[in-house]
Amino acid sequence: MSDNENNKKPKDDLKKDLKEGAKKIKDKAKEILEDLDESTQDFQEEAKNTASEFSKGAKDVFDKLSSEKENKRILSGILGILFGALGIHKFILGYNKEGIIMLVLSLLSFGFLAGFMALVGLIEGIIYLTKSDEEFYQTYQVGKRPWF
């Protein structure tokens, strides 16, 4: 055999080995990608289910707290404490005129009276949360007492 043929045979064997190795790597990568795709799909499905359960639960709680039949004490109390300057708690209770007054005073005074409105909202929120359900219902929902 000539030197040229001897050199060609190891190169052919090397090419063959490289092709087999590349095929094995490709097959293994394909397996990994399929497993990853399956895991990703499982995770996506689980995330969708969790989000669906959460949104359904949140909607049920909001519907319960904001329905006309239910007492709005907790919802309006929390909103009064957190967003009192905007008068959102007034809108929840159906006091649109008072809610607009608080909102307009907060916005049109460029924040000057927003602190005062926030204080009013804070006080009202605390009052709402410290009353019993029945007392709150009778005072603010049946009796329609708009301030404090």
Side-chain angles (χ1 to χ4, degrees), residues 9-148:
K9 185 169 182 166
K11 285 183 183 179
D12 288 342
D13 290 343
L14 184 60
K15 283 183 182 180
K16 184 179 176 186
D17 289 345
L18 285 173
K19 284 182 181 179
E20 287 176 12
K23 186 177 183 330
K24 286 179 183 178
I25 290 172
K26 184 179 174 183
D27 291 342
K28 188 65 175 173
K30 189 175 180 180
E31 271 182 49
I32 291 170
L33 285 175
E34 287 172 356
D35 290 345
L36 184 61
D37 186 44
E38 184 178 312
S39 297
T40 302
Q41 288 175 353
D42 291 345
F43 177 76
Q44 287 175 344
E45 190 64 34
E46 187 176 324
K48 284 180 187 177
N49 290 338
T50 302
S52 176
E53 288 173 13
F54 176 78
S55 63
K56 184 183 181 305
K59 183 182 181 310
D60 290 345
V61 168
F62 180 77
D63 288 344
K64 181 179 178 187
L65 289 175
S66 64
S67 71
E68 286 300 317
K69 294 177 185 171
E70 292 293 323
N71 196 329
K72 299 175 184 179
R73 181 178 68 89
I74 295 173
L75 180 61
S76 57
I78 291 172
L79 290 175
I81 291 170
L82 296 177
F83 304 108
L86 300 176
I88 296 172
H89 61 292
K90 296 291 190 183
F91 292 109
I92 295 294
L93 291 172
Y95 303 137
N96 294 334
K97 181 175 71 174
E98 290 79 4
I100 290 171
I101 290 170
M102 292 183 79
L103 183 62
V104 168
L105 284 175
S106 293
L107 296 178
L108 291 183
S109 68
F110 300 106
F112 180 69
L113 294 176
F116 177 70
M117 289 295 110
L119 181 62
V120 169
L122 176 69
I123 292 169
E124 287 183 331
I126 292 170
I127 290 171
Y128 294 168
L129 293 175
T130 56
K131 289 190 177 290
S132 69
D133 286 341
E134 184 60 33
E135 186 180 12
F136 176 84
Y137 182 76
Q138 291 299 324
T139 304
Y140 297 103
Q141 288 180 260
V142 175
K144 296 288 185 184
R145 182 176 171 194
W147 299 103
F148 296 101

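Along the sequence shown, residues carry numbers from 1. FYI, side chains are in, hydrogens and waters are out, and symmetry mates aren't considered; it's all heavy atoms of this structure. Source: prediction; values computed, not measured.
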How long is the span from the [atom1] atom in [X] to the [atom2] atom in [Y], to the nearest 0.5 Å?
X      : Y      : atom1 : atom2 : answer
Ile81  : Ser76  : CD1   : OG    : 10.0 Å
Met102 : Ile88  : CE    : CD1   : 10.0 Å
Ile101 : Asn96  : CD1   : CG    : 11.0 Å
Glu135 : Asp133 : CD    : CG    : 10.5 Å
Phe43  : Thr50  : CZ    : OG1   : 8.5 Å
Lys19  : Lys26  : NZ    : NZ    : 12.5 Å

Listed pairs under 3.5 Å, donor-acceptor, residues 32-41 side chains, sequence neighbours left out:
{"residue": "Asp37", "atom": "OD2", "partner": "Gln41", "partner atom": "NE2", "Å": "3.4"}
{"residue": "Ser39", "atom": "OG", "partner": "Asp35", "partner atom": "O", "Å": "3.0"}
{"residue": "Thr40", "atom": "OG1", "partner": "Leu36", "partner atom": "O", "Å": "2.7"}

Flag, side chain of Ser106 to backbone of Ala85, donor-acceptor distance under 3.5 Å: yes
Exam field: side chain Ser52 to backbone Lys48, donor-acceptor pair closer than 3.5 Å: no
My understanding is that only residues two or more places apart in sequence, or in another chain, count here; which of them pass ring pair (Phe, Tyr, Trp, His ring centres under 6.0 Å) with Phe136? Tyr128, Tyr140
Stepwise, does the side-chain contact (heavy atoms from CB on, under 4.5 Å) test hold for Lys90 with Lys97? CA-CA 8 Å; Lys90 296 291 190 183; Lys97 181 175 71 174; over 6 Å; no
Compare all side-chain heavy atoms of Leu86 with those of Leu79 and state whether any distance is below 4.5 angstrom. no
So Lys72 and Leu93, do their side chains get closer than 4.5 Å, heavy atoms only? yes
Who pairs with Gln138 by side-chain hydrogen bond (donor to acceptor under 3.5 Å, both in side chains), at least two apart in sequence or on another chain? Glu134
